[in-house]
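Data block below; observations after.
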Amino acid sequence: MNSALARSIADLSNQWRNRFLPWGKSSKSGHLRRGVHGEKLACRFLKRKGYKILFRNFRGRSGGEIDVVCRDNDTLVFIEVKTRTREDFGRPFAAVDRDKRKRISRGALAWLRMLDNPDILFRFDVVEVIVADNAKPRFELIENAFPLSKPYLY
């Protein structure tokens, strides 16, 4: 077999394996495990509030990303989940900076394009999850946390 062809097949195989196989628990760092745990807790919290979870961890082709896509009555809601163990350095919402809002906006527009650009209400919410040691998790839902980032229009 041609060595270039073999390398190409091996590279493609690794890309597919990395994309579709979940990481082993031991290979994830602490903050990534905490984030996954926070997203699970946030989804339970949202369900109790009457939200319908549609999708988790959406990644658009244009680089956009959304933690949770859900529906609140007739409104499509794109949710960013921020999980912290404490608030010593400010609220988790403070981590949703301009670049993060742009990334979330790109993901939302990709989601709306998948739906063929419907005439629908949508908004961006943030769920703060505080998971302190030996304490019950605390949740804060910030509805309409930010508008669609400029220069994006819908």
Side-chain angles (χ1 to χ4, degrees), residues 7-85 89-131 137-154:
R7 273 194 311 273
S8 176
I9 291 170
D11 288 343
L12 283 173
S13 177
N14 284 333
Q15 288 175 3
W16 281 95
R17 186 178 307 110
N18 291 338
R19 179 162 184 134
F20 294 109
L21 291 179
W23 292 342
K25 283 194 181 267
S26 62
S27 69
K28 281 190 181 179
S29 65
H31 77 281
L32 292 176
R33 283 194 304 268
R34 186 172 30 258
V36 169
H37 180 63
E39 286 179 13
K40 287 179 185 177
L41 292 172
C43 285
R44 282 191 226 147
F45 168 75
L46 292 166
K47 284 179 184 178
R48 284 193 306 265
K49 290 190 111 0
Y51 286 61
K52 169 120 172 87
I53 307 298
L54 302 175
F55 203 88
R56 287 183 54 196
N57 297 313
F58 175 74
R59 303 288 181 255
R61 289 185 181 187
S62 62
E65 59 182 48
I66 300 178
D67 289 339
V68 183
V69 179
C70 56
R71 201 177 69 227
D72 179 24
N73 295 321
D74 62 346
T75 303
L76 187 62
V77 186
F78 302 105
I79 295 182
E80 175 68 11
V81 178
K82 286 296 174 191
T83 307
R84 299 290 185 268
T85 55
F89 301 105
R91 292 186 59 188
F93 175 72
V96 185
D97 60 6
R98 186 174 58 94
D99 290 337
K100 187 68 173 171
R101 289 191 302 265
K102 281 180 89 168
R103 206 168 18 253
I104 295 166
S105 292
R106 271 198 313 268
L109 291 173
W111 182 273
L112 291 167
R113 276 193 301 275
M114 270 186 3
L115 300 177
D116 203 20
N117 297 319
D119 186 20
I120 189 170
L121 296 172
F122 66 92
R123 71 173 190 254
F124 299 94
D125 291 358
V126 173
V127 175
E128 296 179 325
V129 182
I130 308 295
V131 185
R138 288 186 302 134
F139 301 94
E140 182 72 33
L141 173 63
I142 303 166
E143 291 185 6
N144 268 326
F146 58 90
L148 185 66
S149 293
K150 292 182 181 180
Y152 304 121
L153 299 171
Y154 185 75

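Atom CD1 of I104 and atom CD1 of I79 lie 10.5 Å apart (nearest 0.5 Å). A distance of 9.5 Å separates CZ in F78 from CG in L148, rounded to the nearest 0.5 Å. One distance of note links CZ of R103 with CD1 of I66; it measures 12.0 Å at 0.5 Å rounding.
Side chain of E128 to backbone of F93: a donor-acceptor contact under 3.5 angstrom is found. Checking side-chain atoms of S149 against main-chain N and O of S105 turns up no donor-acceptor pair under 3.5 Å.
Residues passing the side chain to side chain donor-acceptor pair (under 3.5 Å) test with R138, sequence neighbours excluded: E87. Evaluation of the side chain to side chain contact (heavy atoms under 4.5 Å, CB included) rule for N57 yields E39, R59, D67 as partners, not counting sequence neighbours. Under the rule for a side chain to side chain contact (heavy atoms under 4.5 Å, CB included), the partners of T85 that lie at least two apart in sequence or sit in another chain are R34. Every side chain to side chain donor-acceptor pair (under 3.5 Å) that R106 has, sequence neighbours left out, goes to Y152. With sequence neighbours excluded, the residues forming a side chain to side chain contact (heavy atoms under 4.5 Å, CB included) with L141 are F45, L46, K49, Y51, D125, V127, E143, listed by chain and number. Listed by chain and residue number, K82, K100 satisfy the salt bridge (Lys or Arg N to Asp or Glu O under 4.0 Å) test with E80 (two or more places apart in sequence, or in another chain).
Ring geometry for F146 versus F124: interplanar angle under 30°, hence parallel rather than tilted (30 to 60°).
Between F139 and L41, the closest side-chain pair of non-hydrogen atoms falls below 4.5 Å. Here the side chains of K40 and R56 are in contact, with some heavy-atom distance below 4.5 Å. A heavy-atom distance below 4.5 Å is not found between the side chains of H37 and T83. Side-chain contact check for I130 versus P92: some heavy-atom pair is nearer than 4.5 Å. Side chains of W111 and F122 form no contact here, defined as non-hydrogen atoms less than 4.5 Å apart.
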